[in-house]
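The figures that follow rest on heavy atoms only: side chains count, while hydrogens, waters and symmetry mates do not. Since we're looking at a predicted model, the values are computed, not measured.
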Amino acid sequence: MPIVNDDDGRRSVEASVEVPGSPDQVWQAIATGPGVSSWFVPTTSEERVGGTVVSSFGPGMDAEAQIIAWDPPKRFSAESVDDTGQGPSTVATEWIVETRGGGTCVARVVHRWFADSDEWDGQFEAHAYGWASTYFRMLRLYLTHFRARTCSAFDLAAISDLPPAETWRTLKQAVTIDEAAQRADSAGGAPELSGTIESTEITDPDLLTVRDTSPLVKATLEGLDGEDPNLLLRLDEPAPGLAHLFVMPTGEQTMVSVRFFLYGERGMDVASDTEGSWSDWLHRQFPQQEAHR
């Protein structure tokens, strides 16, 4: 997953994952608004060349891109423009679905941008690290256990004035963990939660290197003695689904994220109450600037 630097100034980084499903099933999960919203972030897509894709990463954090290639169920590419000066002016993100034997496919994402320096490399390394460590694992879990089921999702965020390590310890008070059984249950005072801990362990040498080369990843892990401030659960309660709890630095503060994906009729029945309970808990732990996303 190293940064590839072409002679013409085009730079790129990619990540991939093998997942269960036919090309059509994988395409639905990575290329349609309802599919992406069922395991990643709330997304809408016009699903055609020239159409718009909008992904919501939080309040005031909508990412908009225009589809420049659309070839279902094999490949699509979308291009975003940044005029804020906080990143490359244009970034193209390409998704590719490749058939494998045994009823599986490889989903590959490639980020491409033009730059005459390595100024943005650490940022894109962090993107690839996030795909490999967490989001692709969520995609695999969705396709394995919850494919095509109705999803009721919510995403809560808060801001902490503490560094990531201290913020993570506070967030982690929501659960008690049985290391031997790899199970997590809600701790006293936290809303109902019970599920299996899914691994986010990184063993790929290139990804391990990113922990030292990407400023964002390095800052996120600082002071944690090797622990990853990132908990991924396959839920039994309050409904079948996924939960993702994590923290990451944003300048001098730390962002806290609690994300739930609840599936089926039971998920629909409990989603509103679950969101309200976790919003209240999050506000008590981080009362400064709790925000709904």
Look up atom CG in D204 and atom OG in S133, then write down how far apart they are to the nearest 0.5 Å.
11.5 Å
Of all heavy-atom pairs linking A190 and A174, the shortest is CB-O, 3.3 Å
Lys/Arg N to Asp/Glu carboxylate O, R75 vs E94, below 4.0 Å
yes
Indicate whether the side chain of E192 and that of S186 have a donor and an acceptor atom separated by less than 3.5 Å.
no
Heavy-atom nearest pair, A107 first then V26, reads CB-CG1, 4.4 Å
T176 and D185: side chain donor to acceptor below 3.5 Å
no
Any chance you could lay out the side-chain contact (heavy atoms from CB on, under 4.5 Å) test for V41 and S56, step after step, and finish with the verdict?
CA-CA 6 Å; V41 298; S56 178; 5.7 Å; no
Straight-line distance of L156 CG to L282 CG, nearest 0.5 Å:
6.0 Å
Would you say Y135 and W95 are hydrophobically clustered, going by side-chain heavy atoms of ILVMFWY under 4.5 Å?
yes
Listed partners of E198 passing side chain to side chain contact (heavy atoms under 4.5 Å, CB included), at least two apart:
L141, T196, L232, R234
Donor-acceptor pair, side chain of T254 and main chain of T250, under 3.5 angstrom
no
Hydrogens and angles aside, do W168 and E227 bring a side-chain donor and acceptor to less than 3.5 Å of each other?
yes
Hey, is the main chain of K218 close enough, under 3.5 Å, to the side chain of T220 for a donor-acceptor pair?
no
Find out if a path of hydrophobic residues (ILVMFWY) with successive side-chain heavy-atom gaps under 4.5 Å connects L224 to I177.
yes
Closest non-hydrogen atoms of P34 and S38, given as atom of the first, atom of the second and distance, are O-OG, 2.8 Å
May I ask you to check whether W27 and F76 place their ring centers less than 6.0 Å from one another?
yes
Let me see the working for T274 and S272 under side-chain contact (heavy atoms from CB on, under 4.5 Å), right down to the final yes or no.
CA-CA 5 Å; T274 302; S272 180; over 6 Å; no
Same cluster or not: are L193 and M268 linked, directly or through other Ile, Leu, Val, Met, Phe, Trp or Tyr residues, by side-chain heavy atoms under 4.5 angstrom apart?
no
Answer yes or no: are there more than 12 heavy-atom neighbours, outside E222 itself, under 6.0 Å from its atom CD?
no
Please give me the minimum heavy-atom distance between W70 and A31, naming the atom from each residue.
CH2-O, 3.5 Å
Residues pairing under salt bridge (Lys or Arg N to Asp or Glu O under 4.0 Å) where one sits in residues 44-64, two or more places apart or in two chains, turn out to be E46-R48
Verdict with reasoning, S45 to I67, per side-chain contact (heavy atoms from CB on, under 4.5 Å):
CA-CA 9 Å; S45 174; I67 297 172; 3.8 Å; yes
Nearest heavy-atom neighbours spanning L207 and A132
CD1-CB, 3.4 Å
Applying side-chain contact (heavy atoms from CB on, under 4.5 Å), run through T32 and V36 and close with a yes or a no.
CA-CA 6 Å; T32 71; V36 177; 5.8 Å; no
Scan residues 132-146 for pairs that pass salt bridge (Lys or Arg N to Asp or Glu O under 4.0 Å), counting only residues two or more places apart or in two chains.
none
Interatomic distance, CG@L171 vs CG@L231, rounded to 0.5 Å, equals 8.5 Å
A side-chain contact here means heavy atoms from C-beta on lying under 4.5 Å apart; do V258 and F260 qualify?
yes
What is the distance from atom NE2 of H111 to atom CZ of R11, rounded to the nearest 0.5 Å?
15.0 Å
If only atom types and distance count, is the side chain of Y142 paired as donor or acceptor with the main-chain N or O of A148 below 3.5 Å?
yes
Is there a donor-acceptor pair closer than 3.5 Å between any side-chain N or O of D178 and the backbone N or O of A181?
yes
Could you give the distance from NE2 (H127) to OG1 (T93), rounded to the nearest 0.5 Å?
8.0 Å
OG of S194 to CZ of R183, rounded to nearest 0.5 Å, is 4.0 Å
Flag for W278-H283: side-chain donor and acceptor within less than 3.5 Å
no
When hydrophobic residues are tied together by side-chain contacts of less than 4.5 Å, even through go-betweens, does V49 share a cluster with V97?
yes
Between the side chain of Q25 and the main-chain N/O of S22, is any donor-acceptor distance below 3.5 Å?
yes
For R211 and Y129, which I'm curious about, is there any donor-acceptor pair between the side chains at under 3.5 Å?
yes
Hey, quick one: are W131 and F57 part of the same hydrophobic cluster, counting side-chain heavy atoms closer than 4.5 Å, chains of contacts allowed?
yes
Could you tell me whether E265 atom CD has more than 12 heavy atoms of other residues or ligands within 6.0 Å of it?
no
Grab the two heavy atoms, one from V256 and one from S160, that are nearest each other, plus how far apart they are.
CG2-CB, 4.4 Å
